Structure formats: structure tokens, C-alpha cells
S.K.: 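Have a look at this one before I ask anything.
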Amino acid sequence: MTGGAGYIGAHVVRALEASGHVAIALDDLTAGLSERLGQTELVSFDLASPGAKDQLIETFRTKNIEAVIHLAARKAVGESVLRPEFYYQQNLNSVINLLEAMHEANVLKLVFSSSAAVYGSPELSLVPEDYNCKPINPYGETKLIGEWMISNAQRAWGLRAVALRYFNVAGAGFDDLGDTSVANLIPIALKAIREDKPIEVFGSDWPTKDGSCIRDYIHVADLADAHIRALEYLNEENREHLVFNVGSGQGSSVLEVIQALRDVIQKDFKVNLVARRAGDPAELAADVSRINSTLNWQAKHDLLSIVESAYRASLN
Ligand code: UFG
């Protein structure tokens, strides 16, 4: 499990252990926190470095690894626009090292964490997996190329892979596993409220129901469960699909997220409507029929539960 000490990774580790698997976390701890792992074994090196392939082969062999869940990646969209080479170096070299090492060590199962960022700005309100992907930033490009690499490895040497395209992941499945990075709307808003500063809404003139952007918020605990379903799917002989959207199937606007924060926190706070943020699509939400029917998975938590759990974890 790469990226196992991250906010999402640590939830996946706990879901794996709860379902009877033994997980080993591989994390270079640049964004991950070892305290999220408790008793889970941690192996630490940079997956994108030239020596990583040999370290991976060694790890696969000595620890009898049966499957890999690859979450480790740089994921800040804005930073990817400013430092594209770094994003390509990190997010693609890691996949190359991983695939080469898996091939050599004969580890044949892979769950790859992809992103709704592969779609760019789709013209549909609920986007299905076979929609024409046109990412609009280097981060989304690295995820799409990662999908292409694993799809080719699947054809070339029998890799069994699934790519999960995460939509907007938020909330906390455990109070000690909140998102501490303050990089996305809900953690940013919670921090602003704590510091008695206004929440900035990026754009109020989008062509949407209330003028603010629409996203598909998915509870991190539901997302973690989707990884368990994906692993089970890899046991099947004939797998029809390589990619799956992981979302709630419902779009929520920024103003609806702010209303949910008001409902949960029961306190008034300031909101400023400011200019649009460059690179934002107006609307991005998942068509989840494929994951519902093929993996028998659907989101259990709604927006209120996402916001409520994120708030509770932020008090921890
Ligand atoms: N937003 C605000 N104010 C803020 C922060 C965000 O209005 O202070 C708005 C954004 O404009 C956007 C929405 O809140 O409309 C969500 O923004 P985030 O920055 O939380 O997330 P993004 O939708 O930009 O991107 C996230 C992940 C990506 C992933 C994408 C998939 O960060 O990695 O979801 O949908 F690809």
C-alpha cells in the first residue's frame, strides 16, 4: 500500500485490516504522518527515485506481497501547473518503477488511485468513465498517463489492475485521521472558521443552480471501502472494466457545502464571494452506475455526514 501514511492512505490501511488483510505501508513521509499508522508496518523510500525499483522488488519478495494499492502521488493541482516537470517526475516515475518491479517479482494485482481530474471540464453534469478525457492541468495528465501505462501492462504481461477515479474526497472515518493538509474546500473552510476569517467562495457567476461550482463530495471511509471491493474484483478471472468513478453520484455546490457547515457547527461565520479560480470546471460529478453494478459499491455517507466527521476530526 503506497502512500499509506497519508490522509486517504491511512483510511485504506484501516479498511484493509478491518477486512482481514495484512497491510504494509510504503510512504516517504513527505506528506504522510507515521502516527496515522499505529502498529501497521511502515517501509520508507521515494518511489520515484532511480533505486526504487530494486527496493520494491526486495520489499515484494521479503514481505510476500500479493497486491499493491498505489496511492502515493503529488496531488496539488495548482502546484502541478507551476512545477509540471516535478509532477511528471514524481507521479510517472513512481508508476514506472512500480510496474517494472511488479512484473519482475510477479506481483500481478494493482489498484491505482486515479482522479476525476482526468476529465478536465466535461460538458455533462454526471460524467461516465468512457467520457473523452481531456485533463486541464499536469496533475490530471499524470493520472491519465498512469492509467494508460497500467492498461498497457495489463495487455502486455497479465497485470490485473483497476483504476479508481476519486472525486472530491473529504470527511474522516476516525477522529484521528482528519485531513490536516488544508488544501481543499472543507479543511480550508474549517480553518477559516476557527481563525474567525471569512470563507472565500471562488466565483458566484458560474452557470450552475446557485452560481457556485459543483463537485461530487465523497466520504473518505466510503472511498476506502471501494478499494476493498476493487481488490476483490481483481480475484475474478474476467474483468470487464479497468476504470471506475468513485463518487456519490450527486453534485453539491460550494454554497451547499457552506450551508452544511452552518448546520453542523451552528455558528455564524463570514463568507466572501470572490472571483473565479483559474482552472476550475463549473461542474464535476460522477456517473456511478458502473461501480454500483460491477463492484456492488455505493456511497453510504451524505454531505452532512462528511462535513460533520471532518469538523469532529478537526477538533481532535
Ligand atoms: N473552493 C472555494 N473556496 C476555497 C477552496 C475551494 O470556493 O477556499 C471551491 C473550488 O473553486 C471548487 C470547490 O471549492 O469549486 C472544491 O475545490 P477543492 O480545491 O477542494 O477541490 P477541486 O475540485 O479543485 O479538486 C479536488 C482535488 C483534485 C481532484 C478533484 C476531483 O483536489 O485532486 O477534486 O474532482 F482531482
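Numbering of ligands and ligand atoms starts at 1, following listing order. None of these values were measured; they are calculated from a predicted model.
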S.K.: What pairs with Y166 under ring pair (Phe, Tyr, Trp, His ring centres under 6.0 Å), at least two apart in sequence or on another chain?
M.R.: H227
S.K.: Using distance alone, with no hydrogens and no angle criterion, decide if K75 and N91 have a side-chain donor and acceptor under 3.5 Å apart.
M.R.: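 No - no donor-acceptor pair under 3.5 Å links their side chains.
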S.K.: Under 3.5 Å, is there a donor-acceptor pair between the D263 and Q259 side chains?
M.R.: yes
S.K.: Give the minimum heavy-atom separation between V288 and G247, together with the two atoms involved.
M.R.: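 Shortest heavy-atom separation between V288 and G247 comes out as CG1-O, 3.4 Å.
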S.K.: Just to be sure I'm reading this right: ignoring hydrogens, which of S252, S115, S80 gets closest to atom 36 (F) of ligand 1? Compare them by their nearest heavy atoms.
M.R.: S115
S.K.: Hey, is the main chain of A5 close enough, under 3.5 Å, to the side chain of D27 for a donor-acceptor pair?
M.R.: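 It does hold such a pair.
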S.K.: Which residue owns the protein heavy atom closest to atom 9 (C) of ligand 1, what's the atom, and how far is it?
M.R.: V254 CG2, 3.7 Å
S.K.: Any atoms of ligand 1 less than 4.0 Å from a non-hydrogen atom of I188? List them with their elements.
M.R.: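 Near I188, the atoms of ligand 1 are 5 (C), 8 (O).
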S.K.: Heavy-atom contacts with V201 under 4.0 Å: which atoms of ligand 1 show up? List them by number with element.
M.R.: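 Answer for ligand 1: 7 (O).
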S.K.: Which protein non-hydrogen atom lies closest to atom 7 (O) of ligand 1, naming both residue and atom, and how far is it?
M.R.: F202 N, 2.9 Å
S.K.: Is a donor on one side and an acceptor on the other found under 3.5 Å between the side chain of R36 and the backbone of G9?
M.R.: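 No: the side chain of R36 does not pair with the backbone of G9.
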S.K.: What protein heavy atom sits nearest atom 20 (O) of ligand 1, and how far off is it?
M.R.: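 Of every protein heavy atom, L185 N, 2.8 Å lies nearest to atom 20 (O) of ligand 1.
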S.K.: Considering only heavy atoms of L284, which atoms of ligand 1 have at least one such atom less than 4.0 Å away?
M.R.: 35 (O)
S.K.: Distance to 0.1 Å, residue and atom name: give those for the protein heavy atom nearest to atom 35 (O) of ligand 1.
M.R.: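 Ranking protein heavy atoms by distance from atom 35 (O) of ligand 1, first comes N168 OD1, 2.6 Å.
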S.K.: At their closest point, which heavy atom of I199 faces which heavy atom of A192, and how far apart are they?
M.R.: CG1-CB, 4.1 Å
S.K.: Starting from atom 3 (N) of ligand 1, which protein heavy atom do you reach first, and at what distance in Å?
M.R.: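 The answer is E200 O, 2.7 Å.
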S.K.: Hey, does Y217 sit under 4.0 Å from ligand 1 if you only count heavy atoms?
M.R.: yes
S.K.: Output every pair passing side chain to side chain donor-acceptor pair (under 3.5 Å) with a member in residues 45-57, not counting sequence neighbours, ordered by first then second residue.
M.R.: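 Residue pairs with at least one partner in residues 45-57: K53-E104.
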S.K.: For atom 33 (O) of ligand 1, what is the nearest protein heavy atom, given as residue, atom name and distance?
M.R.: Y139 CE2, 3.4 Å
S.K.: Starting from atom 17 (O) of ligand 1, find the nearest protein heavy-atom neighbour and note its residue, name and distance.
M.R.: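 The protein heavy atom lying closest is R277 NH2, 3.5 Å.
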S.K.: If the cut-off is 4.0 Å to any non-hydrogen atom of A116, which atoms of ligand 1 fall inside it?
M.R.: 31 (C), 35 (O)
S.K.: Using 4.0 Å as the upper bound for N to carboxylate O, is an ion pair formed by K63 and E41?
M.R.: yes
S.K.: Using a strict 4.0 Å cut-off to heavy atoms of A117, name the atoms of ligand 1 that fall inside it.
M.R.: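 Under 4.0 Å from A117, ligand 1 has these atoms: 36 (F).
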S.K.: How far is atom 32 (O) of ligand 1 from its nearest protein heavy atom, and which residue and atom is that?
M.R.: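 That would be N184 ND2, 2.9 Å.
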S.K.: Do the rings of Y119 and F167 sit parallel, tilted or perpendicular, given the 30° and 60° boundaries?
M.R.: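 Judged by the thresholds at 30° and 60°, the geometry between Y119 and F167 is tilted.
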S.K.: Out of C213, A286, P281, whose heavy atom is nearest to atom 15 (O) of ligand 1?
M.R.: C213
